[in-house]
Amino acid sequence: MNYAEILSDANVVGFLLLFVRFGTLFMGVPIFSHQNIPLPVKSAMAFLFTVIFYDTMPPIEVPLNATSVSLAILSEMLFGLVIGLVLQIVYSIIAFAGGLISFAMGFSMATALDPQSGVSMPIVGTVLSLVALMVLFSLNLHHWILIYVSDSLKYIPLGGFVLNEHTFNYIISASANMLLIGFTMAFPIFALSWMSDIIFGMLMKTMPQFNLLVIGFPIKIMISLSVIIAILSSIMLLFKREVLEAFNWLGSLFLVM
């Protein structure tokens, strides 16, 4: 293949669309979208993988005019944003559960910077978020994303992604499921908090000298931390199950398109 064929309009447009697909995925998918990864590094990674996967790219079916190419670029951006949104919803389950646990423990005002999202969140949520990030690495999510992009080139042509009812319905149900699963993860701590409040209330009625602030809260925090340690593996197993279900749905996109 000579240089004229390599730099043909179809090849250049195909390379651009593939770069947009990788770039938007790296901006939205957990691990790749980590705030500590500089934007130039993300762009360089997207360019590198575009070069690597370029030979596997099928011939593009987009008409070579300004309007069609612009719509194809928007389609690729939408594809990456949908994939990132689906996985971010699953990752947000941990942040939601951590916020509920922090509220139950009285740590709602104690915040720390979450390195994944770059925003302040309750300290328990930050710890759980870091553990969840390690779970994603143990699942080789970064490898799954690259394999998914490789497979998507066979079933979803460049510039051919379109939002449909199937996608909208899943995003709505996944958002509702996030609240349910997050509350399920935090429920043991909530139940313990309610039970301890009842016990401390009974003690204050029978023993007026009982100081809730000095004695009750440290005991409540100590017991809550013990329960968190006991159920941490169960929380991460639930999180792992949700990640796997999200990827199963992402695979179903190939059947719908």
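Numbers here simply count residues along the sequence, with the first being 1.
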- Checking side chain to side chain contact (heavy atoms under 4.5 Å, CB included) for the pair Phe15/Val20: CA distance, chi angles, key distance, verdict? CA-CA 9 Å; Phe15 186 91; Val20 173; over 6 Å; no

Report yes if the side chains of [X] and [Y] come closer than 4.5 Å at any heavy-atom pair, otherwise no.
| X | Y | result |
| --- | --- | --- |
| Ile101 | Phe187 | no |
| Phe79 | Thr24 | no |
| Asn177 | Glu242 | yes |
| Leu237 | Arg241 | no |
| Val12 | Leu16 | no |
| Glu245 | Val90 | no |
| Trp249 | Thr167 | yes |
| Leu146 | Phe22 | yes |

Provide the closest heavy-atom pair for [X] versus [Y] in the form atom of the first, atom of the second, distance.
| X | Y | answer |
| --- | --- | --- |
| Ile89 | Ser175 | CD1-OG, 3.8 Å |
| Leu128 | Gly98 | CD1-CA, 3.9 Å |
| Leu250 | Tyr148 | O-OH, 2.9 Å |
| Val227 | Pro188 | CG1-CB, 4.3 Å |
| Gly182 | Phe96 | CA-CD2, 3.7 Å |
| Tyr155 | Asp151 | CD1-O, 3.1 Å |

Drop me the distance from [X]'s [atom1] to [Y]'s [atom2], to the nearest 0.5 angstrom.
| X | Y | atom1 | atom2 | answer |
| --- | --- | --- | --- | --- |
| Leu244 | Leu139 | CG | CG | 6.0 Å |
| Leu153 | Leu18 | CG | CG | 6.0 Å |
| Ile181 | Ser92 | CD1 | OG | 14.0 Å |
| Ser173 | Met178 | OG | CE | 12.0 Å |
| Leu87 | Trp144 | CG | CH2 | 10.0 Å |
| Phe247 | Ile147 | CZ | CD1 | 9.0 Å |

N/O donor-acceptor pair under 3.5 Å between [X] side chain and [Y] backbone:
| X | Y | result |
| --- | --- | --- |
| Asn140 | His143 | no |
| Gln88 | Gly28 | yes |
| Tyr54 | Gly14 | no |
| Ser224 | Ile189 | no |
| Ser75 | Leu71 | no |
| Tyr91 | Ser129 | yes |
| Ser102 | Gly99 | no |

- Message: Are more than 12 heavy atoms, taken from residues, nucleotides or ligands other than Met57, located less than 6.0 Å from that residue's CE atom?
- Response: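 Counting other residues, nucleotides and ligands, CE of Met57 exceeds 12 neighbours.
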
- More than 12 non-hydrogen atoms from neighbouring residues, nucleotides or ligands closer than 6.0 Å to NZ on Lys240, yes or no?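 No, not enclosed.
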
Would you say [X] and [Y] are hydrophobically clustered, going by side-chain heavy atoms of ILVMFWY under 4.5 Å?
| X | Y | value |
| --- | --- | --- |
| Met134 | Val29 | yes |
| Leu85 | Met27 | no |
| Leu81 | Leu17 | no |
| Phe168 | Val82 | yes |

- Checking side chain to side chain contact (heavy atoms under 4.5 Å, CB included) for the pair Leu141/Val135: CA distance, chi angles, key distance, verdict? CA-CA 9 Å; Leu141 178 68; Val135 171; over 6 Å; no

- Could you tell me whether the side chains of Ser152 and Arg21 share a donor-acceptor contact shorter than 3.5 Å?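 Yes.
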
- Item | ring-ring contact (aromatic ring centres under 6.0 Å, His included), paired with His142, selected from Phe137, Phe49, Phe32 |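 Only one of Phe137, Phe49, Phe32 forms a ring-ring contact (aromatic ring centres under 6.0 Å, His included) with His142, namely Phe137.
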
- Task: Report the C-alpha distance between Met185 and Ile94 in whole Å, list the side-chain angles of each, state the deciding distance to 0.1 Å, and finish with yes or no for side chain to side chain contact (heavy atoms under 4.5 Å, CB included).
- Result: CA-CA 8 Å; Met185 292 177 177; Ile94 294 295; 4.0 Å; yes

- Query: Which residues pass the side-chain contact (heavy atoms from CB on, under 4.5 Å) test with Val127, sequence neighbours left out?
  - Reply: none

